[in-house]
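One structure is given here, and the rest of the page talks about it.
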There are 4 protein chains.
Amino acid sequence: MKWKTAISSYKDGEFYIRGVRLAKLVDDANLAETIFFILQGKQASKNQAKMLEAILISMVEHGIEVPSAFVARSVVSTGNSQNAAIAAGILAIGDMHGGAIEKAAFYFQSADSPQVIVERSIQRKERLPGYGHKVYKTEDHRTTALFKKSQELKLSMKYLNRAREIESELFRQTGKVLPLNVDGAVAAIISELGFNWRLGKAFFILGRLPGIIAHVEEECKNEKSYRRLDSEDVEYVGPTAI
Amino acid sequence: MKWKTAISSYKDGEFYIRGVRLAKLVDDANLAETIFFILQGKQASKNQAKMLEAILISMVEHGIEVPSAFVARSVVSTGNSQNAAIAAGILAIGDMHGGAIEKAAFYFQSADSPQVIVERSIQRKERLPGYGHKVYKTEDHRTTALFKKSQELKLSMKYLNRAREIESELFRQTGKVLPLNVDGAVAAIISELGFNWRLGKAFFILGRLPGIIAHVEEECKNEKSYRRLDSEDVEYVGPTAI
Amino acid sequence: MKWKTAISSYKDGEFYIRGVRLAKLVDDANLAETIFFILQGKQASKNQAKMLEAILISMVEHGIEVPSAFVARSVVSTGNSQNAAIAAGILAIGDMHGGAIEKAAFYFQSADSPQVIVERSIQRKERLPGYGHKVYKTEDHRTTALFKKSQELKLSMKYLNRAREIESELFRQTGKVLPLNVDGAVAAIISELGFNWRLGKAFFILGRLPGIIAHVEEECKNEKSYRRLDSEDVEYVGPTAI
Amino acid sequence: MKWKTAISSYKDGEFYIRGVRLAKLVDDANLAETIFFILQGKQASKNQAKMLEAILISMVEHGIEVPSAFVARSVVSTGNSQNAAIAAGILAIGDMHGGAIEKAAFYFQSADSPQVIVERSIQRKERLPGYGHKVYKTEDHRTTALFKKSQELKLSMKYLNRAREIESELFRQTGKVLPLNVDGAVAAIISELGFNWRLGKAFFILGRLPGIIAHVEEECKNEKSYRRLDSEDVEYVGPTAI
């Protein structure tokens, strides 16, 4: 089977990423620029790299309560290696946990007008991914902070403006304030930075990974026995034992 | 079941990492510092963060030939989501692919003398993880570059010196030049930065993830059909069909 | 968090599956009946169990060429545990590898007429899952054998007949002979046995698992080094190294 | 890369498992015989297949409380596909959950005497895998049932007797009654049936899979929102938020 790739190559004892010596990237030592470069094959500006860094950090941790944390911890607790536990944490990421970024980026990057996007979501009786939050009713302060940073870094605002237009259109059509949440903001920014919507979950994983690792390591260090649900948390609703 | 954690908390509409507002970390926008902080619970110096950044970048890509790349691509090629493919790529990391870091860090962080470490590996007829390379016979230039950077950044050299002492001891006891390779250098540096050896594979995954994602996305973008081995690559060695 | 289940319970030192003592199931020792019972909560007839057994066996192995085999082998080859390798093999199952069963069962179990089902697939320019085969042009002998067994076991034929009607309708509308293939036959049979289409991939995994395990064990037993692609199988198509 | 296999082959439109037509195995429709045959490459006797069937059923379900159940359910609850959820459930199997079979089979198949085996576990202050149970203090009735079935089926008793000798030796050296538990019984039986100890976890997975699938499907069918820990189950023990 033929495997084609444009990502890396090896020549005369040197390893290259998309034509650039890996040793040079190591020497420059900028992680966000490297991520941008290996994924897009072009150089980020210093400010684009700063913005990428900010959104990755914004996703790093969500508490022990979320599946990507407690699933990873449960898997390492039964005696598995850390890579198996990390893989399980990543499997726990899905449409309902980290998935809004991919979905929002998809329609941000579509050719549809804000009006059509909102109409369609109303017709389908679906909540529009990237808007609304159970705690932040009128404004998500994390979105505000990311937008502010984007302006400070003098980045283009095409997708960020589009995201705000959809927010206005949502209010117009539904009469409800559904503020752009942090997932929506991240979706707008990765679109602004030139990434395909398909990478939505991958970006969430990139940002989230240090948090997953922190949970796996905390479990290894501090916990002795393997994770079982308490019997008081379980309710049997099946046929009577005979 | 009780789940204890010191990693994150939520108070009055703000999310905190080990007592520090996540919003502050986003605002500072330094990924390597965030990784250091969420894993160790203390602030890295600017130079420690720079060093961490360098070693993560050094592990980012190893060619499409390695299991963490072609396994991830094969899984996405059958129609799975990117998170499942990334998880499979991480499962492909193991003692023989990325695992030398954990093993080398383990004995770097042990109380054993270089002499004892080398003697034991000779007795067990095991290659000492972190030393020797099939191409770089006398010196691994990636190791040299990481050591140089470490000196430039004026970091402590306790584990790096210990790694060199073991290299000398290896030559003394075996008569062979087995240079400290890049896995060994990374192991020495994460030890120097205060990380437990248990995190060896996790650091490899942290560094490697952008490369895995680049492969998964390249497969999604460019390849149509799902990955099957060619029949000429397969040799049937079982009983004759009857 | 409350976890409700009707699957199993524990009382007075005895474990029960849907109200029946596990010890009784062990004593009866019929694996297919147990699978049917734990999934549906009712007793299979002897003949239904026989049919289930036949379709599970029909899916057991597909050669080392398919992703569920070579991915699992690659993961164990890097030094991972067998459970991690088996998990990776299962991750390699997807819409394009084992996924046709779920899709065919979905429209077999829908309220749509054969005419509508075929028309829609033509409009969408999609191949109808469960029909056609690159080698078996006019008849898939595996389908024939499963149908014959179904008649011998005197099972109901509702979904099997429906599958044949769709085959006729396909010919009527396209003019091409696209025989019901083994995936389609399995989809019709699990529908006949009362299983929800959602379980399509799960049934494929149930049948496939012994084959995956055989490959993982063969790799552990016979192969020494970890799996890397040969450089002649790789083509670099990226920018020139600079 | 060359991939050698003795498991399956394809010739003249027919697929073969270790030289035997798959169609024949499907026609015979005996799942346990097929599992035995694909793993060992030889025919099980009817009674060996019956015994294999019994032990697989004995492992099918362990309650929603165990990681292989609640991890799989949590992964499907976030919107992942069933194959990803099943893979996560299998990742949750480990040395402390299903792993005793592999360990017990390892020393059952070793050349060491019962005396040496027990002495070594006492010296290492390790509990001997396969012995003792927190509820069944003097006898594990599941072990008793499996031994009884083994006698009824007139199977050889080499490893079963050895397992009992170790039980006696344990009492002799420790003064405590530590009955052979069901993991130990399964380990003895797979040894008796000729399987390598390395397959211990794989057998647990083979038996366990229908239970995992039942949990995944129950979650898909009955539960709406994704699994999060309740905040009352979480205790934050880190530095005060500043």
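Note that the structure is predicted; figures quoted are calculated from it, not measured. Residue numbers start from 1 in every chain, and the chains themselves are labelled A, B, ... in the order their sequence lines are given, proteins ahead of strands.
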**Report entry** Engaged part of D/N222 at the chain C interface, taking heavy atoms whose separation is under 4.5 Å
**Finding:** neither

Query - Interchain contact, C/L52 with chain D, by part (heavy-atom threshold 4.5 Å) - result: neither

Report summary line: Residue pairs passing the ring pair (Phe, Tyr, Trp, His ring centres under 6.0 Å) test with at least one member in residues 12-33 of chain C, sequence neighbours excluded, are none

Query raised in the report: With respect to chain D, which residue among C/L91, C/L56, C/V216 yields the maximal number of heavy-atom pairs within a distance under 4.5 Å?
Result: C/L91

Query raised in the report: Most heavy-atom pairs under 4.5 angstrom with chain C, which of D/D233, D/I86, D/N30, D/I55?
Result: D/N30

Query raised in the report: Is the count of non-hydrogen atoms from other residues, nucleotides or ligands lying under 6.0 Å from C/F106 atom CZ greater than 12?
Result: no

**Report entry** Shortest non-hydrogen contact between D/I57 and C/L22, atoms and distance
**Finding:** O-CD1, 3.6 Å

**Report entry** Nearest non-hydrogen partners of C/K50 and D/A29, listed with the distance
**Finding:** NZ-O, 3.3 Å

Requested in this report: Considering only heavy atoms and a distance below 4.5 Å, find which of D/G98, D/G13, D/A85, D/G41 pairs most often with chain C.
Outcome: D/G13

**Report entry** Residue, of D/A87, D/A23, D/G63, that accumulates the most heavy atom pairs under 4.5 Å with chain C
**Finding:** D/A87

Requested in this report: Assess whether atom NZ of C/K2 is packed by more than 12 heavy atoms of other residues, nucleotides or ligands within 6.0 Å.
Outcome: yes

Query raised in the report: What's the shortest heavy-atom distance between C/N196 and D/E217, and which atoms?
Result: CB-OE2, 4.1 Å

Query raised in the report: With respect to chain C, which residue among D/E14, D/R227, D/M51 yields the maximal number of heavy-atom pairs within a distance under 4.5 Å?
Result: D/R227

Requested in this report: Taking all non-hydrogen atoms of both residues into account, name the closest pair between C/H215 and D/T5 and its distance.
Outcome: CE1-OG1, 3.8 Å

Query - residues 65-79 of chain C: residues contacting chain D (heavy atom under 4.5 Å, by number) - result: C/F70, C/R73, C/S74

Query raised in the report: In terms of heavy-atom pairs under 4.5 Å, which option from D/V60, D/I17, D/I7, D/I64 contacts chain C the most?
Result: D/I7

Requested in this report: Would you mind checking which part of C/Q82 comes under 4.5 Å of any heavy atom in chain D, side chain (CB onward), backbone (N, CA, C, O), both or neither?
Outcome: side chain

Requested in this report: Heavy atoms only, distances under 4.5 angstrom: which of C/H62, C/E223, C/Q40, C/E219 has the most pairs with chain D? Name it, please.
Outcome: C/H62

Query raised in the report: Which bit of C/A84 comes within less than 4.5 Å of chain D, counting heavy atoms only: side chain, backbone, both or neither?
Result: both

Report task. Locate the shortest heavy-atom distance separating C/E53 from D/L31; write the atom from each residue and the value. Result -> OE2-N, 2.8 Å

Query - D/A6 to C/E218 - nearest heavy-atom pair and separation - result: N-OE2, 2.7 Å

**Report entry** Sorted by number, residues from residues 135-142 of chain C in contact with chain D (heavy atoms, under 4.5 Å)
**Finding:** C/V135, C/Y136, C/H141

Report task. Please list, in residue-number order, every residue in residues 197-212 of chain C that has a heavy atom less than 4.5 Å from any heavy atom of chain D; write 'none' if there are none. Result -> C/R198, C/L199, C/K201, C/A202, C/I205, C/L206, C/L209, C/P210, C/G211

Query raised in the report: About how many Å separate CD1 of D/I35 and CD1 of C/I213, when rounded to the nearest 0.5 Å?
Result: 8.0 Å

Query raised in the report: With only heavy atoms counted, which part of D/S58 is less than 4.5 Å from chain C, the side chain, the backbone, both or neither?
Result: both

**Report entry** Greatest number of heavy atom pairs closer than 4.5 Å to chain D - which of C/D28, C/L146, C/T34, C/L25
**Finding:** C/T34

